[in-house]
Amino acid sequence: MASVTSLTASVHQRLADALSAALPEAGSADPLLRRSDRADFQANGILALAKKAKANPRELATQVVARVESGDVIKDIEVSGPGFLNITITDRAIVANLAERYADGARVGVPLAEHPGTTVIDYAQPNVAKEMHVGHLRSAVIGDAVVRILEFTGESVVRRHHIGDWGTQFGMLIQYLIEHPHELDHKGGEVSGEEAMSNLNRLYKAARTVFDSDEEFKTRARRRVVDLQAGEPETLAMWQRFVDESKIYFYSVFDKLDMEIHDADVVGESGYNDMLDETCRLLEESGVAVRSDGALCVFFDDVKGPDGNPVPLIVKKSDGGYGYAATDLSAIRDRVVNLKADSLIYVVDARQSLHFKMVFETARRAGWLNDDVKAHQLAFGTVLGKDGKPFKTREGETVRLVDLLDEAIDRATAVVREKAEKVGLSEPEIEENGRYVGIGAVKYADLSTSAVRDYKFDLDQMVSLNGDTSVYLQYAYARIRSIFGKAGERTPVAHPELELAPAERALGLHLDRFGETLEEVAAEYAPHKLAAYLYQLASILTTFYDQCPVIKPAPAQEVAENRLFLCDLTARTLHQGMTLLGIRTPERL
Ligand code: ARG
């Protein structure tokens, strides 16, 4: 695998060398290189450095220009304004650099991280016996993208689906199932995810009705909670049936989302039951947690209720029960000690931020988190309806995730069908593309705004062919593929000796930035920056098409080959980038 030094990096290095030659006391100062409209790059760092050294910025800039090793990379470098540098790259360097990327295959020259670590990421965590809603969509989509991005950088990633599979609510459900033993039976073999969920829903409603009206059932249900906690075998076996049934449903939804979830990574709340006692003991012995009104609590100076009294994190309730916090603290120990993580990521709704703030701080006090092991909540905002309020059905109920996905697929299939004849798609291809476009649209809408922000779920906008949508990107990709269908004898060949048109240079310089973009995206867990990069790539490609014919009118042989080469590298970059977002790129659309 050949990782490629980007043009930005090599210009940066040349400037930094010239700078330290011109101003030795600046050491390895940063010339602050940016892409620019005036030239290819602008360096803005000299101003501040000159100021610090009490030198004249224009003079310093002039000296840097005099000392810079242009090689065959820098075509032109000039001082502008009070001490900026405008830098233009040679056409040869652009094409030669892209040719190296092209030779690297699917990775397109993107280097691996120098010091990869181990990240445990907690995402896609629905709750047993409950319908999945848009909140679960966000966690799954963002988490899946971050997993792919981190793995692409060489990080070892351990996935944890912290499903809600434990708690007092199971007493009622288990008791009901014991009294109505056939409620979850699978008549006639396998059930679909939809059927599994509808069985669970029916059972839940029925159990709730009896629970609310029958005092004796209520008592039996409460006793059942005690049995469950004591690990009584029959009770546990019944509980397992709820988990298994729910998993059939979860997997069907993840499958619809075109997402791979592995059974071994589903470690729900119950997976930490054996650690809870010890977690509490460690916290109490170290004085991190204290007894307060019979409960085991951790206090924080800056967490107070509306009445001004401190609100503690309750690790163990006064009745001896463990809650969400004890599980999360135990999970941290497991992830740090057993899984050897150095980064923990939690892709969880921003409304749980206070919980994670308190949990992380507790873990730091206990020494489980420290400078070498960091935890980060990748908090996401709320999905809103078109009216700007949290997304609900007209009846005010939360929207079922499957319904949303099905609608997106239907809309997308209609969009695909419109062009299908022209492209020559068969019915199965229309349906497959409909799924890829529909699911891609939902994922892209979720990933293209920064995670913490709320966004509006607007299917019309999501499947629109114009604008910042996945379909636009998918069309850009398919369009390149169709060019190759028409290319005949001509094949992609890099020609560094050619002079480039402005649109070719713009495309080349943007392709060069893929690796740096990914580095930033991975470091900040910010898939939206990758989405923005890809959207820009597709837009630049559109300009390139307008200005630089590839097939018709036929340009000179070398020009055509070089353009095909640019197209092919763009297609690979789009494909790789979209794959990292979990979005498919159909060959024909
Ligand atoms: N199951 C929870 C929910 O649906 C999310 C779990 C988040 N992860 C965690 N480690 N607490 O809200």
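Owing to the predicted nature of the structure, the values given are computational and were not obtained by experimental measurement. Whatever order the structure lists ligands and atoms in, that order sets their numbers, starting from 1. Residues take their numbers from the sequence shown, with the count starting at 1.
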What residue and atom, counting heavy atoms only, is the protein's closest point to [atom], and at what distance?
| atom | value |
| --- | --- |
| atom 11 (N) of ligand 1 | Tyr324 OH, 2.8 Å |
| atom 3 (C) of ligand 1 | Asn127 ND2, 3.8 Å |
| atom 8 (N) of ligand 1 | Asp122 OD1, 3.2 Å |

**Request:** Begin from the C-alpha positions of Asp165 and Ser270 and carry the test side chain to side chain donor-acceptor pair (under 3.5 Å) through to its verdict.
**Result:** CA-CA 6 Å; Asp165 64 356; Ser270 68; 2.8 Å; yes
**Request:** Pull out every atom of ligand 1 sitting under 4.0 Å from any heavy atom of Asp328, numbered as shown with elements.
**Result:**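 Heavy-atom distances to Asp328 below 4.0 Å select 9 (C), 10 (N), 11 (N).
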**Asked** Can you list the atoms of ligand 1 that are under 4.0 Å from a heavy atom of Val348?
**Response**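 Answer for ligand 1: 7 (C), 8 (N).
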**Item:** Within residues 370-380 or reaching into it, pairs that qualify as side chain to side chain donor-acceptor pair (under 3.5 Å) - sequence neighbours excluded
**Value:**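 Residue pairs passing side chain to side chain donor-acceptor pair (under 3.5 Å), neighbours aside: Ser353-Gln377.
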**Prompt:** Does an N or O anywhere in Gln352 fall below 3.5 Å from an N or O of ligand 1?
**Reply:**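 N/O-N/O distance under 3.5 Å: yes.
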**Prompt:** Gln125 to ligand 1: N or O pair under 3.5 Å?
**Reply:**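 Yes; at least one N/O pair falls below 3.5 Å.
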**Donor-acceptor side-chain pairing of Ser448 and His528 below 3.5 angstrom** =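 No pair is found: no donor N or O on one side chain lies under 3.5 Å from an acceptor on the other.
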**Request:** Mind checking the CD-CZ spacing from Gln175 to Arg220? Nearest 0.5 Å is all I need.
**Result:**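 Reported to 0.5 Å precision, the distance equals 6.0 Å.
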**Prompt:** Side chain, backbone, both or neither: which part of His355 has a heavy atom under 4.0 Å from ligand 1?
**Reply:**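 None of His355 does.
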**Message:** Counting only heavy atoms closer than 4.0 Å, does ligand 1 sit against the backbone of Phe356, its side chain, both, or neither?
**Reply:**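 Contact part for Phe356 vs ligand 1: side chain (C-beta onward).
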